[in-house]
Amino acid sequence: MDLTTEPMAMTGSARRAPGSAHLLALLDRARAGIVTVDRAQAILAVNRPLGELLRIPAAAVADAVWLADLLDGSAMLTEALAHEVDAALRGSIADGQPRTIAIVRGHGNEARFLALHVTPLADATWALTFEDTTERHAAEATAVNSALHDPLTGLLNRRLFQVQAVAALEARQARIVTVHVDGPPDHGSQAVLLIDLDRFKSVNDTLGHAVGDSLLGLVSKRLRGIARADDVIARLGGDEFAILAAAAPDRAGLASFAGRLVDVIGRPYLVDGHLVNIGASIGLALAPQDGDTYDKLLRNADLALYDAKASGRSTFRFFHAEMDDRAAARRSLEIDLRKALALQEFELAYQPQIDLDTKAVVGFEALLRWRHPTRGVVSPAEFIPMAEEIGLIVPLGEWVLREACREAARWPDSVMVAVNISPLQFEDLPRLLDAVARSLRHADLPGRRLEIEITEGALLCNEQGVLAALNRLRAMDVRVAMDDFGTGYSSLSQLRSFPFDKIKIDRSFVTDTGDLASQNAFIRAINALGASLGMSTIAEGVETEEQLARIRAEGCTSVQGFLFSRPVGPEQVDSVLAGFTQSRLSIPSA
Amino acid sequence: MQPLFRVLYCSRTATAGGPDTHIADILSVARRRNAADGITGGLMFSRGCFAQVLEGPIEVVMETFERIQQDERHSDVTVLQVGPIAARDFPAWSMAYAGANDADDPTEGLETGFTGHASGGQELLDLLRAVIVREDDRLQLT
Ligand SMILES: Cc1cc2nc3c(=O)[nH]c(=O)nc-3n(C[C@H](O)[C@H](O)[C@H](O)COP(=O)(O)O)c2cc1C
């Protein structure tokens, strides 16, 4: 029998329609494409949307007798997809159960999604319902995308990175098990690289967030350019990126990969016409040797990153077990430090500052000491950076202010106290001003007897805000000294921005190592500058008579150092003062 | 028309172990792409060092510069000058070239005095202009 030429009476879309005209009209209005077939897959009825959905020419729909004819005529279904439809129908015919399959045609943004439901109806007929789910998929995909991708760079975000890394690690473990059984062990490892941008913050601060954001976009493109196709790249947040090298080469290969990243990320950028220079520091941890869980790998990569940054940045470091030890030491220092304030383990020592003209003690610098029951006296060089890192410096600095003012209130009225203020304390200006005001009030100390020492680091960001705060301090009669002068790169310009009361010449110019002539020239220049700007100068770290003679010859107005007195406990301040009253004439003259 | 923008940088050929650097390859790609992008400029190569000027509309100059930055055939990029310009210095050249033919020969150098260290952007720019004009003349003679 020639089926294609068999004449067929059709009403609406139906051929041998089992139902009423109402039902057919209803089917034609459905959004889904529906075709019903019998056990032999002969078409019983087709609604109008089916042809549109599967992109079958109307003539082909009209002519089709078998389901296969319809599927063949579809510009939407490939042969493979038509085969899947056929398989689903056969399955349902065989067991009488409904089936649902998802059909995807094309890729990426072009992809079309169809859902096919195969439903057994009564009297040995089957309905195939095709539904276009592209929009739903797109909506879901965007939702998933924005929840799991970083909107700025399009890279994975921290959550999706974790999901993929965990999956990759598990896949590796599974592979090792099988390989173990039927072959030599698999030496392929995986690596996590944590990448932190150096100096990114200052780009944001100086050129603004829009430039910072564009820069992050360019960085992520460079990362994509260097990474291999199966590396997983993510932006974990801020200026921190991560790469999971799924099939990592050996250590040497990873080292050259990391080196290339440091090189290329560190090359200059042009952003909005601005030339921007940043660097990259990288920490690497390998699975399985440095950890076989995601958390452990990430933590160890982070330790390696810390090390890379500590060793000068713009470099990479592999994780080593000693880093673990160092981290443990840091952690225990942190724990002790957090307790130290409450346990009153801090104390202040006072080092006199002597005026070279009057040969009298004009003030004491308050110096912080930490006396720990088992560590002994911990050097500030060791604990101040940690205190800054964990934010303890702010309450600690406030304690120093309070304590120093309280002590100074007992001293003669002509003697000042100098207190160091950390740049971090300048990040909360109202709090700093409040701490100063309250310390003075509680101690009943006039503002003119307090001098705060700031380093140029305090002025580096938010210079305007800091200058305003310095002016407020000045309004309380508090004196302001510039500490460590001559070590930073912008010292000179900062002298212009605020009328400091005093310049503290860094001790490196006083110690007689290196080129004496140029050190002397420097001291002379600072003194001349101070004199012309109406600022006094003080030299720190004076230990020998020769040094004193030198700095005196170059015009310093006051000094501080072991030559006169070590820092002393508060109970010894009186005797230091008394000693100077008696021996003031023993200070060598110029 | 977009305002004109210029970048001048110098760099070094990648060290041993990196990809081979054939100037001819770089130039042919550079000229084709620059011609399509409306970029002009000059490239000089001598004793393992590149110096390049890129000039054109700001957006494409930034894009091209970014591509060149990612090129592993050179490194140690130092930008000497960057900013808007009133007119092009190399209007007729999608990428003029002066220097050795192959980066593999480290001894081959231009008689320009260029050693990769220019004391300032302006000096290098002047040098590039002078050299390229000279090469240009030579090409027209032959
Ligand atoms: C020293 C040097 C100069 C180059 N100059 C240009 C140039 O002017 N224009 C350009 O399109 N590509 C230039 N390139 C090549 C680019 O780095 C890059 O390979 C090319 O634009 C193709 O990029 P694509 O592979 O990402 O499409 C230069 C490469 C080097 C090493």
Side-chain angles (χ1 to χ4, degrees), chain A residues 153-155 195 197-199 203 206-207 210-229 231 233 241 243 249-280 282 314-316, chain B residues 1-19 21 29 34 37 39 41 49-86 116 118 120-122 124-125:
Chain A
T153 60
L155 298 177
I195 304 159
L197 303 185
D198 308 326
R199 298 183 298 279
V203 173
T206 54
L207 297 176
V211 170
D213 286 356
S214 306
L215 178 61
L216 290 173
L218 291 178
V219 168
S220 72
K221 281 197 192 125
R222 290 194 188 178
L223 285 175
R224 280 206 190 99
I226 305 162
R228 288 155 315 168
D231 291 338
I233 316 174
F241 296 83
I243 295 180
D250 54 10
R251 258 184 125 73
L254 275 171
S256 90
F257 179 48
R260 216 159 60 234
L261 284 167
V262 170
D263 171 14
V264 173
I265 302 300
R267 295 183 183 185
Y269 296 81
L270 279 182
V271 193
D272 291 352
H274 300 283
L275 177 66
V276 178
N277 283 292
I278 55 168
I282 302 181
S314 286
T315 183
F316 65 90
Chain B
M1 218 188 74
Q2 271 198 53
L4 288 171
F5 196 78
R6 176 172 68 205
V7 190
L8 167 65
Y9 74 86
C10 54
S11 64
R12 283 168 203 288
T13 42
T15 41
T21 302
V29 172
N34 293 354
D37 288 344
I39 287 186
C49 296
F50 291 107
Q52 190 176 27
V53 191
L54 295 167
E55 50 190 26
I58 180 163
E59 289 298 329
V60 280
V61 168
M62 289 200 301
E63 271 166 33
T64 306
F65 179 77
E66 183 57 27
R67 263 201 329 275
I68 296 173
Q69 284 308 290
Q70 297 178 41
D71 200 311
E72 298 195 12
R73 289 171 293 189
H74 64 167
S75 63
D76 291 346
V77 176
T78 309
V79 174
L80 297 170
Q81 253 192 25
V82 37
I85 45 170
Q122 197 52 47
L124 183 58
L125 197 60

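Since the model is a prediction, treat every value here as computed from it, not as a measurement. To find a chain, count down the sequence lines: A is the first, B the second, and so on, and within it residues start at 1. Heavy-atom basis, side chains included; hydrogens, waters and symmetry copies ignored.
- Between the side chain of Arg222(A) and the backbone N or O of Leu261(A) there is no donor-acceptor pair closer than 3.5 Å.
- Listed by chain and number, the residues in a side chain to side chain donor-acceptor pair (under 3.5 Å) with Asn34(B) amount to none (sequence neighbours excluded).
- The stretch residues 59-67 of chain B places Met62(B), Phe65(B), Glu66(B) near chain A, each with some heavy atom under 4.5 Å from a heavy atom of that chain.
- For Arg199(A), the side-chain contact (heavy atoms from CB on, under 4.5 Å) partners at least two apart in sequence or on another chain are Ser202(A).
- Between the Asp213(A) side chain and the Ala210(A) main chain, no donor and acceptor come within less than 3.5 Å of each other.
- Remark: Val271(A) engages Val211(A), Ser214(A), Leu215(A), Leu218(A), Tyr269(A), Val276(A) in a side-chain contact (heavy atoms from CB on, under 4.5 Å) (not counting sequence neighbours).
- Salt-bridge formation is not detected for the pair Asp263(A)/Arg260(A): no Lys NZ or Arg NE/NH1/NH2 atom is positioned less than 4.0 Å from an Asp or Glu carboxylate oxygen.
- The candidate from Asp76(B), Val7(B), Val77(B) with the greatest count of non-hydrogen atom pairs under 4.5 Å with chain A is Val77(B).
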